[in-house]
*Asks:* 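I am attaching a structure below and will ask some questions about it afterwards.
Not measured: the values here are computed from a predicted model. Start at 1 with the first residue, then count along the sequence.
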Amino acid sequence: MTSETESKSIYWEAFKTFFKIGAATLGGGYAIISIIEKEVVEKNKWIGKKEFLDLIAIAQSCPGALTINISISIGYQLRKTKGAICTCIGACLPPFLIILAIAMFFHQFQDNKIIAAIFAGIRPAVVALIAIPTFTLAKNAHISLVNCWIPIIGALLIWIFGVNPIWIIIAAGIGGYLYGKFIKPTES
């Protein structure tokens with residue numbers, strides 16, 4: 001296989017991978033993290049687990065949808081700007097087409113009790129889809145009983161007191177820097 005054919009092949013493979021991910025993104029970006037990890041880290045081996053964790057942290061701190069941010073980052077790592085465009089289109093196209101189809105026919109079934117019941121049944125499943133990657137991320141980020149208070153306090157501050165998540169991210173970053181600078185080096 002020539003280099004040009006390999007290059008075209010990676011574009012097609014990346015597009016197909018993120019098209020499949022985009023089509024399966026029910027419940028938002030957090031629900032799809034485990035599928036992205038399986039496809040990008042385990043199956044295609046485009047990046048490693050630690051790099052994937054770092055990528056999630058970066059993608060969360062950037063504006064926009066998590067899946068789109070991750071797709072752009074992976075595409076850029078694979079083939080720079082053209083790769084980022086290819087993966088972004090792959091991730092965006094399925095939801096766009098689904099929303100377009102729903103918008104075209106929504107008025108016909110918006111008051112349908114069966115459809116309302118289906119959506120009521122989907123909601124708890126989405127919570128489970130979000131919970132599973134959360135526990136996987138916690139495990140991969142080495143969150144233990146010693147440091148589990150950090151995400152718990154962060155979640156409570158956001159949920160109960162309405163603290164902007166940006167402030168939680170900034171505080172966690174400063175705390176991590178201070179911990180690495182002053183506390184961790186003295187541990188042996």
Side-chain angles (χ1 to χ4, degrees), residues 6-103 106 115 117-144 148 150-152 154-155 158-159 165 168-169 172:
E6 287 175 1
S7 182
K8 288 180 182 177
S9 172
I10 191 69
Y11 289 120
W12 177 242
E13 195 59 38
F15 175 83
K16 282 191 324 187
T17 298
F18 279 97
F19 187 89
K20 181 169 54 171
I21 290 168
T25 306
L26 299 173
Y30 297 104
I32 202 73
I33 288 174
S34 59
I35 294 174
I36 296 172
E37 182 178 17
K38 181 180 176 189
E39 290 290 324
V40 170
V41 176
E42 296 170 16
K43 181 179 173 190
N44 291 304
K45 298 185 185 337
W46 289 329
I47 61 173
K49 274 190 181 251
K50 183 175 181 337
E51 191 177 2
F52 183 70
L53 278 174
D54 294 341
L55 180 60
I56 290 171
I58 292 167
Q60 287 176 317
S61 61
C62 295
L66 183 67
T67 304
I68 303 303
N69 291 344
I70 290 173
S71 74
I72 290 169
S73 296
I74 299 292
Y76 190 81
Q77 286 182 8
L78 291 174
R79 291 289 187 266
K80 303 295 180 210
T81 303
K82 288 181 183 179
I85 291 169
C86 182
T87 54
C88 181
I89 290 171
C92 292
L93 193 57
F96 172 77
L97 294 174
I98 291 167
I99 290 170
L100 183 63
I102 289 171
F106 183 72
I115 299 295
I118 289 170
F119 281 118
I122 289 174
R123 285 187 202 116
V126 170
V127 171
L129 289 172
I130 293 170
I132 291 168
T134 300
F135 292 121
T136 303
L137 286 172
K139 180 181 168 192
N140 291 338
H142 306 294
I143 294 177
S144 64
C148 70
I150 298 169
I152 292 170
I158 294 167
W159 181 44
I168 304 296
I169 293 169

*Asks:* Start with the C-alpha gap between Ile150 and Ile143, add the side-chain angles, then the distance that decides, and say whether side-chain contact (heavy atoms from CB on, under 4.5 Å) holds.
*Replies:* CA-CA 9 Å; Ile150 298 169; Ile143 294 177; over 6 Å; no
*Asks:* Working to the nearest 0.5 angstrom, can you tell me the gap between Gln60 CD and Ile70 CD1?
*Replies:* 8.0 Å
*Asks:* Indicate the atoms forming the closest heavy-atom contact of Ala91 with Pro95, along with that distance.
*Replies:* O-CD, 3.2 Å
*Asks:* For Ile68 and Cys88, work out which heavy atoms get closest and say how close.
*Replies:* CG2-SG, 3.9 Å
*Asks:* Starting at CG of Leu66, measure out to CD1 of Ile58 and round the result to the nearest 0.5 Å.
*Replies:* 12.0 Å
*Asks:* What pairs with Ile99 under side chain to side chain contact (heavy atoms under 4.5 Å, CB included), at least two apart in sequence or on another chain?
*Replies:* none
*Asks:* So, taking the atom named CD1 in Ile56 and the one named OG in Ser73, what distance separates them when rounded to the nearest 0.5 Å?
*Replies:* 11.0 Å
*Asks:* I need the minimum non-hydrogen distance between Ala14 and Thr87, along with the two atoms involved.
*Replies:* CB-CG2, 3.6 Å
*Asks:* Please round to the nearest 0.5 Å and tell me the distance separating atom CD1 of Ile72 and atom OG1 of Thr81.
*Replies:* 11.0 Å
*Asks:* Using the side chain to side chain contact (heavy atoms under 4.5 Å, CB included) criterion, which residues pair with Ile21? Sequence neighbours excluded.
*Replies:* Thr17, Phe18, Thr25, Ile32, Ile35, Ile36, Glu39, Thr67
*Asks:* How long is the span from the CD atom in Gln77 to the CH2 atom in Trp46, to the nearest 0.5 Å?
*Replies:* 11.5 Å
*Asks:* Does Asp54 have any side chain to side chain contact (heavy atoms under 4.5 Å, CB included) partners at least two apart in sequence or in another chain, and if so, which?
*Replies:* Lys50
*Asks:* Looking at every non-hydrogen atom in both residues, tell me the closest pair between Ile33 and Phe52 and how far apart they are.
*Replies:* O-CZ, 3.8 Å
*Asks:* Got a second to check how far Tyr76's OH is from Cys86's SG, nearest 0.5 Å?
*Replies:* 15.5 Å
